[in-house]
Amino acid sequence: METLMVDRVQSSLRLFMYRNALFLCERLCAEFPSELNLQLLATCYLRNNQAYCAYHILKGSKMPQSRYLFAISCFQMNLLREAETALCPANEPNAEVPNGAAGHYLLGLIYRYTGRRTCAVDHFMQALAIDPLLWAAYEELCILGAAEEASECFNDAAAFRVQQQQLSESSSQNLTIGTECQSLPSSMALGSGDTSPRHSKQLHANNTRETLSHPHGTVMVAGHPPIGGPSNISQYYTPPAVTQLSGVAPPPLCRNAQLYLNAIGGDGYTKSNVNAVIQAPRRKFVDEGKLRKVSGRLFSDSGTRRSTRLSGEAAANTNSNASQLGGNGANHFSAKSLGGLSSSSSKTNSAVLRSVTLRRGQSWANENFDEDNTVTTSSMSALADGKCLEQDKMGCGISAHDSRLASGIREFLGLLRTLGEGYRLSCLYRSQEALEVYLRLSQHQFNTGWVLSQVGKAHFELVDYFEADRFFDLARRVSPYTLEGMDIYSTVLYHLEEEMKLSYLAQELISVDRLSPQAWCAMGNCYSLQKDHETAVKNFQRAVHVDSRFAYAHTLCGHEYVALEDFENGIKCYQSALQVDERHYNAWYGLGVVYLRQEKFEFAEHHFRKAFHINPCSSVLMCYLGMALHSLKRDEEALEIMEKAISADKKNPLPMYQKANILSSLERFDEALKELEQLKEYAPRESSVYALMGKIYKRLNVHEKAMFYFGIALDLKPPAADVATIKSAMEKLYLPDELEDTL
Amino acid sequence: MATESDGEEDTAGKLTGSQHLEVDDDLREMAKKAAWSVSSCKPGNGVLALRDDNLDTYWQSDGAQPHLVNIQFQKKVKLQLLVLYVDFKLDESYTPSKISIRAGDGFHNLKEIKTVEFKKPVGWVHIPLSGTDPRETFIHTFMLQLAVLSNHLNGRDTHVRQIKIYGPRPNPVPHQPFHFISKEFITYSTLK
């Protein structure tokens with residue numbers, strides 16, 4: 001009955017019938033209380049967005065998978081300390097992090113949000129080492145500014161690791177790993193003392209749902225002999241037969257392997273039967289393991305199995321699954337797979353694996369047409385194959401499958417390399433280079449929402465708002481429901497003063513997801529453009545409320561407070577933004593502007609410099625830094641920075657204007673006028689240029705020219721404040737010199 | 001600036017009020033930064049009614065003339081425009097007819113800067129605070145006082161439904177001698 005219940009629960013979960021799953025699972029736990037079932041129940045709660053329930057039932061559990069699930073619940077409830085303790089118990093400093101890469105990734109996030117950057121970086125690196133395809137970990141490293149070059153992370157060594165993982169996984173997990181695994185983990189988990197944590201960890205994550213859904217999918221890494229064989233990465237170990245069932249099959253290195261794989265493919269995904277399998281826990285594995293060590297002889301059996309694999313859905317055999325799970329990998333990952341949950345890593349992994357296995361599957365299919373169907377539970381063969389594979393790998397020629405796997409992995413890594421490098425460069429604000437990298441992508445990859453958004457963002461950082469608008473617009477066309485990057489898009493539209501487009505964007509985003517911070521940021525920008533700063537503040541605060549870890553919402557809120565001249569609240573907002581993301585240069589800039597206004601010039605300079613340090617390519621930042629230096633009377637440095645800004649971006653007129661301003665204050669009037677003459681060509685309708693020229697001529701006592709330029713300035717209709725200043729200056733032109741004052 | 005269009009003045013130069021509140025984009029409301037007080041009021045119709053953005057509620061004075069509305073700022077500010085909402089049709093003898101505007105550092109040194117007269121006003125009455133001198137578009141002051149000297153039909157007490165006070169927007173780029181107005185400059189002038 002237990003098996004049946006577990007099976008129903010897992011199938012309900014797979015089909016997103018959470019109410020059903022929850023109810024049945026609660027009955028299951030009442031009837032057969034065990035930690036594995038508890039894990040299954042927690043999984044149901046987490047799927048149903050009830051992290052608090054999962055939290056309560058898992059509190060105090062010690063199994064790795066339980067700890068992982070508990071940590072996920074804590075993280076979702078923002079109880080970061082508890083999450084950390086669950087993953088890294090204080091009294092067991094050497095305990096392994098549950099779920100390998102996924103666990104390290106989660107730990108990294110926890111450290112990041114509790115302000116411990118070095119630890120966070122460390123864990124993300126570890127996660128990547130275990131699973132080179134864990135994009136999310138690389139992404140976080142980029143955000144923290146600590147990522148190595150993509151070619152370092154997604155390189156051949158990584159490809160090798162992935163390959164090994166793939167191979168080991170395919171043999172073992174296949175199906176069972178899926179939700180079924182729940183029961184498995186218990187057995188597994190108990191036994192573990194295995195040496196080889198990493199690979200398996202990675203595996204489970206993927207195993208779970210992904211595997212289930214995808215016939216070919218199981219790809220877990222598992223791979224360490226349950227029997228406690230050496231778990232060298234180099235030794236490629238195929239987990240017990242379970243995997244045979246799934247169609248996936250690890251890449252056979254040789255014919256044998258192929259057969260083996262096919263077999264594995266077979267009942268692979270019997271989702272339901274896992275329980276049965278599980279019931280025969282480790283012990284069975286161990287036996288099988290031994291059996292597996294038998295050599296290629298078993299391959300003959302696999303022939304039949306192959307067909308089963310082909311018929312994939314036939315999911316008949318639980319046994320093989322079970323045994324497979326028993327495998328070393330199983331120990332590790334069974335528990336973990338339960339935990340699979342929604343960790344992005346697993347998704348990526350599975351996705352990757354899936355693509356890889358598919359490829360392999362195809363090759364097999366071609367070859368194994370005529371096999372009859374027989375499902376065999378020969379985990380043994382699997383094992384044997386594994387062994388064989390590993391030897392073969394080293395020794396004999398690479399079979400077609402293997403090379404296909406290898407090339408698949410390489411291709412995927414190549415893709416991640418390009419994307420990773422592009423993302424890393426954008427996070428370092430080397431936007432021009434990032435753009436070049438993104439252009440190296442294939443057409444179909446480039447024309448996806450994510451990439452187009454990133455390209456748009458790169459243009460935004462280069463202060464090229466027109467191009468940014470173009471790319472963001474394309475991104476919206478390609479994937480209209482994407483929210484990522486739309487906050488930046490709204491800022492782009494704000495700068496372009498496109499009221500209509502901006503309000504349309506905001507409305508659309510709200511209708512897509514009222515609970516996303518980007519939608520409220522866009523709304524806020526709308527009001528900000530209309531100079532209704534109070535409503536803008538309300539909207540940005542709503543964005544913060546919806547997701548307090550969204551740094552940009554805090555920054556935008558800060559800008560509005562400053563516009564309202566409420567500096568205290570502005571500073572608070574900027575500081576919150578910096579707490580979330582220390583490299584958010586906009587917040588450093590915002591603080592600099594506040595201090596500039598408050599005439600605390602040293603602070604202003606310090607903050608602008610920090611912002612400049614993070615984003616050394618922004619001519620606007622350079623300009624502001626220069627202004628702060630000028631206020632500190634460090635005019636030589638100010639002029640230097642202005643020159644830098646001018647050469648950094650020819651289209652930015654501000655540095656030239658500021659340069660002229662500084663020169664005029666240093667009484668180097670001729671140079672100042674030269675700059676202004678140039679500016680006149682660039683922006684002929686900018687009254688401040690003429691006004692400044694008039695001011696300079698006035699100082700030089702060239703009254704006619706002063707009047708002339710003041711006149712032009714007035715004609716261009718500046719705001720009333722300027723009109724007053726200019727008119728007042730004009731009046732004083734004809735007064736005796738001693739009455740010269742402010743102007 | 002104030003729209004002193006036909007809707008606002010009659011032939012004798014007295015203000016009559018306009019339907020709409022029209023304020024230039026380069027002005028912003030200053031009232032939030034000020035402390036408001038009145039010389040007297042009827043319970044339930046106090047100073048809050050002047051600031052609640054609700055034209056149905058009004059301040060009613062309850063004492064001898066002149067009735068005063070005091071607006072005090074924490075630091076010296078530039079003020080450019082004062083706007084009142086009054087309605088002769090609804091308030092009749094309670095409608096103000098002559099108003100004096102005073103400015104200064106505090107109660108002790110207020111000086112009159114302007115006097116305006118109304119003639120059966122209905123709607124928003126815009127009162128620019130500048131003098132005739134174009135150099136004085138703004139007044140630079142700590143405090144503004146609005147004194148209702150007399151009402152229509154010789155009424156004793158007065159009703160005012162809303163008051164708004166405007167000043168220039170600060171330059172978004174700090175420490176600049178002039179504002180930027182062209183697109184090219186504005187785009188690069190701030191980061192968000």
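Each chain gets a letter, A, B and so on, in the order the sequences are listed, and its residues count up from 1. Because the structure is predicted, anything quoted here is derived from the model rather than measured.
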Of all of [options], which one pairs up most often with chain B through heavy atoms under 4.5 Å apart?
| options | value |
| --- | --- |
| A:Glu497, A:Arg685, A:Lys717, A:Lys651 | A:Lys651 |
| A:Met627, A:His630, A:His533, A:Gln658 | A:Gln658 |
| A:Ala691, A:Pro718, A:Gly590 | A:Ala691 |
| A:Tyr465, A:Tyr585, A:Tyr657 | A:Tyr657 |

Checking [X] against chain B: side chain, backbone, both or neither under 4.5 Å from a heavy atom?
| X | value |
| --- | --- |
| A:Asn661 | side chain |
| A:Leu564 | backbone |
| A:Val689 | side chain |

Aromatic ring proximity, centroids under 6.0 angstrom, [Y] and [X]:
| X | Y | result |
| --- | --- | --- |
| A:Tyr624 | A:Tyr589 | yes |
| A:Tyr690 | A:Phe710 | no |
| B:Phe142 | B:Phe73 | no |
| A:Tyr552 | A:His584 | yes |

Determine the option with the most heavy-atom pairs under 4.5 angstrom with chain A, choosing from B:Thr190, B:Val173, B:Asn171.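 The residue among B:Thr190, B:Val173, B:Asn171 with the greatest pair count is B:Thr190.
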
Do you know which of B:Lys33, B:Glu29, B:Glu184 has the most heavy-atom pairs with chain A at a distance under 4.5 angstrom?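 Looking at each of B:Lys33, B:Glu29, B:Glu184 in turn, B:Glu184 comes out on top.
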
Using 30° and 60° as the class boundaries, would you call the ring planes of B:His152 and B:Phe88 parallel, tilted or perpendicular?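 Correct class here is tilted.
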
Over-ring placement of B:Lys98 relative to B:Phe118, 6.0 Å and 45° cut-offs: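 Because its charged atom misses either the 6.0 Å distance or the 45° angle limit, B:Lys98 does not stack over B:Phe118.
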
Cationic tip of B:Arg161 above B:Trp59 ring, under 6.0 Å, 45° of axis: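 No, B:Arg161 does not lie over the aromatic ring of B:Trp59.
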
With only heavy atoms counted, which part of B:Lys78 is less than 4.5 Å from chain A, the side chain, the backbone, both or neither?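 It is neither, since no heavy atom gets under 4.5 Å.
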
By a 4.5 Å heavy-atom criterion (distance strictly below it), what part of B:Pro172 contacts chain A: side chain, backbone, both, or neither?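 The backbone, not the side chain.
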
